[in-house]
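Scroll down for the structure; my scribbles are underneath it.
Below, read A as the first sequence line, B as the second, and so on, with proteins coming before strands; counting in each chain starts at 1.
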Amino acid sequence: MKEEVRVRFAPSPTGELHIGGARTALFNWLFARHNEGKLILRIEDTDVVRSRKNFSKSAMDSLRWLGLDWDEGPGKEGDYGPYFQSQRLSIYQKYAGKLIEEKKAYLCYCTQEELEESNRKMRAKNELPRYDGRCRTLSPTQMVNLEEKGRLPSIRFKVPEKGITYVEDLLRGKVSFSNEMMGDFIILKSNKTPAFNFANVIDDALMRITCVIRGDDHLSNTPRQILLYKALNFENPQYVHIPMILGKDGAKLSKRHAATSVSSYRKEGYLPWALVNYLALLGWSTADSQQFFEKEELIEKFSLDKVGKSAAIFDSQKLEWMNGEYIRRMNWGGLWDRFDGWWRIIQVEQEKQEKRANMFKEVGSTTTKMAEIIQVEQEKQEKRANMFRQFREDPDKMAEIIPLVQPRIKVFSDIFEQADFFFEKDFNYDSTAVDRRLKKDYVPSLLKEIRKRIEQLSAFREETLEGMARNLSKDFSLTTGQVFHPLRVSLTGKMKGPGLFELAVVLGKKEVLRRIDRTLEMLRKL
RNA sequence: GUCCCCAUAGUCUAACGGAUUAGGACACUGGGUUUUCAUCCCAGCGAUGGGGGUUCGACUCCCCCUGGGGGCACCA
């Protein structure tokens, strides 16, 4: 029987799940699903200083939102738990003790300062900065002396001084590292928590991971890990180091590259599958460069040997395009459900933020400027909430509006600027629109005439409206544009938007007349 | 600095020594449709980083250079 495929995704909760992490999770997930194996989620939260519990939660939320489900991990206990490293401390300590007993590791009493000094010197000599092994040969009395000084030991792994360690990578072949480059590294910190390389190895071995799929940036760590597997008498897994995702400037993706967290894309109103589809194409492709995949299709077609080796730059423009494409392919009912679901999430987020803002207010730590920003934000949010309320209360109207905005939005948050005028009675006129379309001598009389003819219209429908407008342009010797443009601005306040007569019908005769009056009123005051 | 990885258009990529004007997609430019914007349709722009080899033949294999990225932490 073939061995079951077991892969893992092991984020550390020191920040929101970012795009790179999500892509790594995706490749692991695809590999597991393709091979009918298991995906294990493990939270690497051993850095007590930087790890935060809410980041674990939000990472899992992000994964769930993307639809990347795991078979073992938090919330899905399996046979190899616990799945939080912070709950496995005694395991690491046990194995570290074992290595000491076998003389494969030793106690190190060096202080931070001593190490920095030593590294600095080596750098000055143009040598590779690495631990010089000074505590390898400490005698018991020396240790006692150091302990009496109050020094807490860490545990270092004895790296063989000679020899070469090979990493067999499925993507890159055999990569060799000479052991003398490595220097004895720490496996257990002085606070008794494990260092990354150590915890990683212990867990992957104990959780019976068969294949480690992770970012390129871990390739240089791998020889250390392989040495540990050997020392512990564990068999090491297979390795696949996938290329990294870089920012637009070619540097490692970081906070300064606009939105990098999965949650920010969720808030913006991206469809999870559009993000997944886009991410799959970063470093992987089919022979025919297919762009769109259904879920089942992607699982079926995914294979590691079609994964590329070079880093990819994250192109948010293409992601936007792809999201818009997915939106356009949806039927309006499905689209509405998505809108609505998205909006509920946003509201919850918003309420949390408001609470936080109010707390600051109470404490009195907000400046007037901050308060202003919060005020503006809240008003905007209120308008948006109002829009969604009306959407929900009037499904018929919603059904009319959705098709009009559908080809015009790339992400859900676009809907506000596309459709706000449907709901806002006293919208502001765009100033350039007023200058270019309304500030003409003929406009007031034109609008009055339009108003008159609309009132006389037997039926308020697209065709009759358009016929009316076209006739009017002839009667006045105006181009159609000269008639349509001012009317658009009058009804929407904007220069662009859905078809003029379509939107007029949605607004209704009464509202259209009211808006024309409002514009005439506004022009009088100019 | 040093070790490791990588290298097809601005970007994501295809072509796993031989049917190719080096294919597709995003972006960009132009045109068509439309009352605007978007959509949609058509067209265009644009790449094998440089230099040596190997071979009858290199995007593809080898070497050097250059460029980019990553590691070298009591971070993961």
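Across the C1' atoms, U48(B) and C61(B) are found 16 Å apart, a figure rounded to whole Å. Using atom P as the reference point in both C59(B) and G69(B), the two lie 28 Å apart (nearest Å). A gap of 7 Å separates the C1' atoms of G50(B) and U66(B), to the nearest Å. Distance noted for atom P between G17(B) and A58(B): 15 Å (whole Å). Rounded to whole Å, the separation between the C1' atoms of G24(B) and U35(B) comes to 36 Å. Across C41(B) and U33(B), the matching C1' atoms stand 8 Å from one another, rounded to whole Å.
Following rounding to the nearest Å, Gln406(A) (CD) and C40(B) (P) show an atom-to-atom distance of 12 Å. Here the P atom of nucleotide U39(B) and the CE atom of Met330(A) are 17 Å apart, to the nearest Å. In this structure, Asn179(A) places its CG atom 13 Å from P of C4(B), rounding to the nearest Å. We find that CG of Asn277(A) is positioned 14 Å from C1' of U13(B), with the value rounded to whole Å. For the pair Glu325(A) CD and U39(B) P, the computed distance is 10 Å after rounding to whole Å. The CZ atom of Arg214(A) sits 16 Å away from the P atom of C5(B) (whole-angstrom rounding). Separating the CZ atom of Arg328(A) from the P atom of C41(B) is a distance of 10 Å, rounded to the nearest angstrom. The separation between Ile450(A) atom CD1 and U35(B) atom P is 15 Å, rounded to whole Å.
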Its contact letters, B for base, S for sugar-phosphate only and - for none at protein heavy atoms under 4.0 Å, make nucleotides 23-34 of chain B read BBBBS-------
Going 5' to 3' through nucleotides 70-76 of chain B, assign each nucleotide B (protein heavy atom under 4.0 Å from a base atom), S (under 4.0 Å only from sugar-phosphate atoms) or - (no protein heavy atom that close).
-> BBBSBBB
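Across all strands, Ile313(A) comes closer than 4.0 Å only to sugar-phosphate atoms, never to a base (heavy-atom distances). As judged by a 4.0 angstrom heavy-atom cut-off over every strand, Phe177(A) is placed among residues touching the sugar-phosphate backbone only. Within the nucleic acid shown, Gly250(A) comes within 4.0 Å of sugar-phosphate atoms alone, with no base atom in reach, counting heavy atoms only. As judged by a 4.0 angstrom heavy-atom cut-off over every strand, Lys192(A) is placed among residues making no nucleic acid contact.
Between Ser176(A) and Leu282(A), it is Ser176(A) whose nearest contact on RNA chain B lies nearer the 5' terminus.
When both distances must be under 3.5 Å, the Watson-Crick or G-U wobble mate of G1(B) is C72(B).
Closest to the His485(A) side chain, of the nucleotides U35(B), A14(B), A38(B), is U35(B).
A side-chain donor from one of Asn277(A) and Tyr326(A) sits under 3.5 Å from a side-chain acceptor of the other.
Donor-acceptor pairing under 3.5 Å, judged by distance alone, is absent between the side chain of Arg172(A) and the base of C5(B). Contact annotation: side chain of Arg488(A) to base of U35(B), donor-acceptor pair present below 3.5 Å.
Atom CZ of Arg136(A) is surrounded by more than 12 heavy atoms from other residues, nucleotides or ligands within 6.0 Å.
Not one side-chain nitrogen or oxygen of Lys309(A) sits closer than 4.0 Å to the OP1 or OP2 atom of U13(B).
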Please assess Cys135(A) against Cys110(A) for the test side-chain contact (heavy atoms from CB on, under 4.5 Å), listing each intermediate value before the final yes or no.
-> CA-CA 8 Å; Cys135(A) 289; Cys110(A) 293; 3.6 Å; yes
Chi angles and distances behind the ring-ring contact (aromatic ring centres under 6.0 Å, His included) call for Phe292(A), Tyr278(A) = CA-CA 9 Å; Phe292(A) 292 91; Tyr278(A) 174 72; over 10 Å; no
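Asp475(A) has a carboxylate O that lies under 4.0 Å from a charged side-chain N of Arg453(A), or vice versa, which qualifies the two as a salt bridge. Using a 4.0 Å cut-off between charged nitrogen and carboxylate oxygen, Arg461(A) and Glu502(A) do not count as a salt-bridge pair. For the pair Glu44(A) and Arg42(A), the salt-bridge criterion is met [side-chain N within less than 4.0 Å of a carboxylate O].
Between Trp336(A) and Phe339(A), the two ring planes are tilted [angle within 30° to 60°]. Using cut-offs of 30° and 60° for the angle between ring planes, the Trp284(A) and Phe293(A) rings count as tilted.
Ring-centre distance between Phe196(A) and Phe198(A): not below the 6.0 Å cut-off.
Screening Tyr229(A), Tyr106(A), Phe185(A) for a ring-ring contact (aromatic ring centres under 6.0 Å, His included) involving Phe157(A) leaves a single residue, Phe185(A).
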